[in-house]
Amino acid sequence: MEQFHYRHMLKKIILAVLVLLGLAVFSVYYSDLSRETLWERYAYPDSKTVEIDGMPVHYRVTGDGPSVVLIHGTGSSLHTWEGWINDWQDLFQFIAVDLPAFGLTGPHPERDYSIAAYVDFMDSGR
């Protein structure tokens, strides 16, 4: 009976490992949407790009008044601020930026997504 339990658990572990390997292979070979398709779907009429540190950075400048720079959090994009921009664009000029690897901004050329890299990125965009 104990041997049956051992074999049953071993089969579950092997199955779990195979599923994880399959997911890993799928994630490596999965084809993302092209930059052009993403731009068509998610860019605003006033969206622009500027090259910073070797990557195309998506940003937009909208509204009239004193300038406010909007920086999104992790796992987000400049689209996070759409409600704020719509409600307050008559009083402020908003400058919103997609950080590296988020929204429509390209990946960091060195795949460096540390806090220090984001600080350097914001500093180099002055």
Side-chain angles (χ1 to χ4, degrees):
M1 180 88 162
E2 194 173 307
Q3 190 177 21
F4 173 76
H5 180 68
Y6 173 76
R7 285 184 181 177
H8 184 68
M9 290 300 294
L10 186 59
K11 286 180 182 179
K12 283 186 175 185
I13 291 170
I14 291 171
L15 180 62
V17 168
L18 290 174
V19 168
L20 290 174
L21 284 173
L23 288 173
V25 169
F26 177 76
S27 68
V28 169
Y29 292 104
Y30 177 74
S31 176
D32 288 333
L33 296 174
S34 70
R35 180 166 170 73
E36 294 76 25
T37 301
L38 291 172
W39 192 264
E40 289 171 11
R41 287 185 188 177
Y42 300 110
Y44 292 98
D46 57 356
S47 285
K48 296 181 174 120
T49 59
V50 63
E51 187 167 317
I52 299 175
D53 295 339
M55 67 192 121
V57 176
H58 174 226
Y59 74 98
R60 68 186 290 223
V61 179
T62 304
D64 295 309
S67 296
V68 176
V69 177
L70 301 172
I71 303 169
H72 63 79
T74 304
S76 192
S77 71
L78 64 75
H79 291 82
T80 296
W81 303 108
E82 186 170 359
W84 286 62
I85 291 171
N86 290 340
D87 290 347
W88 296 92
Q89 66 185 342
D90 294 338
L91 299 173
F92 299 97
Q93 177 188 54
F94 292 104
I95 304 164
V97 60
D98 276 336
L99 294 174
F102 293 100
L104 297 175
T105 294
H108 190 283
E110 297 169 14
R111 305 282 193 223
D112 184 359
Y113 303 110
S114 65
I115 298 296
Y118 282 111
V119 169
D120 290 344
F121 166 78
M122 292 304 297
D123 189 49
S124 68
R126 286 191 277 155

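Side chains are part of it too, since the values below use all heavy atoms of this structure and drop only hydrogens, waters and symmetry mates. Note that the numbering runs from 1 along the sequence shown for the chain.
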Kindly list each side-chain donor-acceptor pair under 3.5 angstrom involving residues 9-18, sequence neighbours excluded, with atom names and distances?
none

* Asked: Which heavy atom in Gly106 sits nearest to a heavy atom in Met55, and how many Å separate them?
  -> O-SD, 4.0 Å

* When clusters are formed by joining ILVMFWY residues with side-chain heavy atoms under 4.5 Å apart, either directly or through shared neighbours, do Tyr59 and Ile52 land in the same one? -> yes

* To do: Using atom types as modelled and distance alone, determine if a side-chain donor or acceptor of Ser77 lies under 3.5 Å from a backbone N or O of Phe102.
  => no

* Report the hydrophobic cluster partners of Ile115, with the cluster defined as I, L, V, M, F, W, Y residues connected by side-chain heavy atoms closer than 4.5 angstrom, directly or transitively. => Val119

* Asked: Is a donor on one side and an acceptor on the other found under 3.5 Å between the side chain of Arg35 and the backbone of Leu104?
  -> yes

* Structure fact -> Sequence neighbours excluded, the answer for side chain to side chain donor-acceptor pair (under 3.5 Å) partners of Asp112 is Ser114

* To do: Hydrophobic side-chain clustering at under 4.5 Å (ILVMFWY, transitive links): who's grouped with Tyr44? Put none if nobody.
  => Leu78

* Structure fact -> So the salt bridge (Lys or Arg N to Asp or Glu O under 4.0 Å) pairs with at least one residue in residues 52-74 (sequence neighbours excluded) are Asp46-Arg60

Contacts under 3.5 angstrom, residues 84-97 side chains, donor-acceptor by atom type, not counting sequence neighbours:
from: Asn86; atom 1: ND2; to: Glu82; atom 2: O; distance (Å): 3.3
from: Gln93; atom 1: OE1; to: Ser67; atom 2: OG; distance (Å): 2.6

* Report the residues that fulfil side chain to side chain donor-acceptor pair (under 3.5 Å) with Thr49, sequence neighbours left out, ordered by chain and then residue number. => none

* **Met122 with Trp81, same ILVMFWY side-chain cluster at under 4.5 Å** => no

* Residues which pass side chain to side chain contact (heavy atoms under 4.5 Å, CB included) with Thr80, listed by chain and number, not counting sequence neighbours -> His72, Ser76

* Asked: side chain to side chain donor-acceptor pair (under 3.5 Å) with Thr74: which residues, sequence neighbours excluded?
  -> none

* Could I get the full list of side chain to side chain donor-acceptor pair (under 3.5 Å) partners for Tyr113, not counting sequence neighbours? => none

* To do: Decide whether Val57 and Val61 are clustered together by the hydrophobic rule: side chain heavy atoms of Ile, Leu, Val, Met, Phe, Trp, Tyr closer than 4.5 Å, transitively.
  => yes

* Between the main-chain N or O of Phe121 and the side-chain N or O of His108, is there a donor-acceptor pair closer than 3.5 Å? -> no

* Minimum-distance pair of heavy atoms, taken over all atoms of Glu51 and Gly54 -> OE2-CA, 3.7 Å

